[in-house]
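Accompanying notes for the structure given below.
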Amino acid sequence: MAKVLGDLNLEDEHVTIGVTDRVREAAHRLMDVPGGVLVVLDDQERPCGIVRPDHVLGYVLKGGDLDHACCRDIMESDLLRLPLTTPLSEVIEAVDARRPAAVVALDDHGEHAGWFSPADLSKARERLAVLREIERSRD
């Protein structure tokens, strides 16, 4: 049973894109992850933001040129960055306290290791509840 962030499948529901990649490329990549997001990475493979479909749509509705803007121009940068070794209880506490736009996992080098989606948050809450119930039953 998952006890730390890295125990979850954080490789689904997202794809990555570069901070200087064009919005047109972001739109194409989002087509491959219905309901997911793009995690925007800098040149050192560190997450610096996310792009959701509504970011692209909002840009288009404002008359933006898909070939002119980069992902950095439309991304949401309010990320909670946590190591893969972070206990799920701490992840949930941090999410509840801070309410970030997204949670991303980092490997030992500070590089992108996955996206902690809203579905992952629900699973983590369920698993944590089960673990607490098991601990209570042992007492």
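Treat the numbers as computed from the prediction; the structure is a model and nothing was measured. Count residues from 1 along the sequence.
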Which atom of [X] lies closest to which atom of [Y], heavy atoms considered:
X: Gly110; Y: Pro47; value: O-CD, 4.3 Å
X: Met31; Y: Pro34; value: O-CD, 3.9 Å
X: Met75; Y: Gly49; value: SD-CA, 3.8 Å
X: Phe116; Y: Leu5; value: CD1-CD1, 3.5 Å
X: Cys71; Y: Ala26; value: SG-CB, 3.9 Å

Would a hydrophobic clustering, with Ile, Leu, Val, Met, Phe, Trp and Tyr connected at side-chain separations under 4.5 Å, put [X] with [Y]?
X: Leu79; Y: Val95; result: no
X: Val103; Y: Val39; result: no
X: Ile17; Y: Tyr59; result: yes
X: Val19; Y: Val37; result: no
X: Leu80; Y: Leu41; result: no

> Can you pull the salt bridge (charged side-chain N to carboxylate O under 4.0 Å, His left out) pairs that have at least one residue in residues 36-49, sequence neighbours excluded?
Replying inline: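 Pairs touching residues 36-49 that pass the test: Asp42-Arg46.
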> Do any pairs count as a salt bridge (charged side-chain N to carboxylate O under 4.0 Å, His left out) and have a residue in residues 51-66, sequence neighbours left out, and if so which ones?
Replying inline: Arg52-Asp54
> Apart from Leu106 itself, what residues make up its hydrophobic cluster, given side-chain heavy atom links below 4.5 Å?
Replying inline: none
>> So, using ring-ring contact (aromatic ring centres under 6.0 Å, His included) as the criterion, who are the partners of His14 when residues are at least two apart?
In response: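 If we apply the ring-ring contact (aromatic ring centres under 6.0 Å, His included) test to His14, skipping adjacent residues, the hits are His112.
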>> A quick test of your reading: do over 12 heavy atoms of other residues, nucleotides or ligands sit less than 6.0 Å from CD of Glu111?
In response: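 Atom CD in Glu111 is packed in, count exceeds 12.
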> Is atom CG of Asp108 surrounded by more than 12 heavy atoms (other residues, nucleotides or ligands) closer than 6.0 Å?
Replying inline: no
> Which pairs count as side chain to side chain donor-acceptor pair (under 3.5 Å) when at least one residue sits in residues 19-37, sequence neighbours excluded?
Replying inline: Arg24-Asp67, Glu25-Arg29
For [X], what residues pass the side chain to side chain donor-acceptor pair (under 3.5 Å) criterion, not counting sequence neighbours?
X: Arg99; value: none
X: Glu76; value: none
X: Asp78; value: Arg98

For [X], salt bridge (Lys or Arg N to Asp or Glu O under 4.0 Å) partners two or more places apart:
X: Arg81; value: none
X: Arg132; value: none
X: Glu135; value: none

>> Donor-acceptor check, side chain of Asp7 to backbone of Val4, threshold 3.5 angstrom: yes or no?
In response: yes
>> Please determine whether side chain to side chain contact (heavy atoms under 4.5 Å, CB included) holds for the pair Trp115 and Leu10, giving the CA-CA distance in whole Å, both sets of side-chain angles, and the decisive distance to 0.1 Å.
In response: CA-CA 5 Å; Trp115 176 57; Leu10 304 174; 5.9 Å; no
Contacts under 3.5 angstrom, residues 84-92 side chains, donor-acceptor by atom type, not counting sequence neighbours:
| residue | atom | partner | partner atom | Å |
| --- | --- | --- | --- | --- |
| Thr86 | OG1 | Pro83 | O | 2.8 |

> Is any NZ, NE, NH1 or NH2 atom of the basic residue among Lys123 and Glu126 found under 4.0 Å from an Asp or Glu carboxylate oxygen of the other?
Replying inline: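 Looking at Glu126 together with Lys123, the answer is no, because their closest N to O distance does not fall below 4.0 Å.
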>> Just verifying a value: how many Å separate Leu30 CG and Leu38 CG, rounded to the nearest 0.5 Å?
In response: 4.0 Å
>> Test side chain to side chain contact (heavy atoms under 4.5 Å, CB included) on Val23 and Asp73; report intermediate values, then the result.
In response: CA-CA 9 Å; Val23 174; Asp73 300 324; 5.8 Å; no
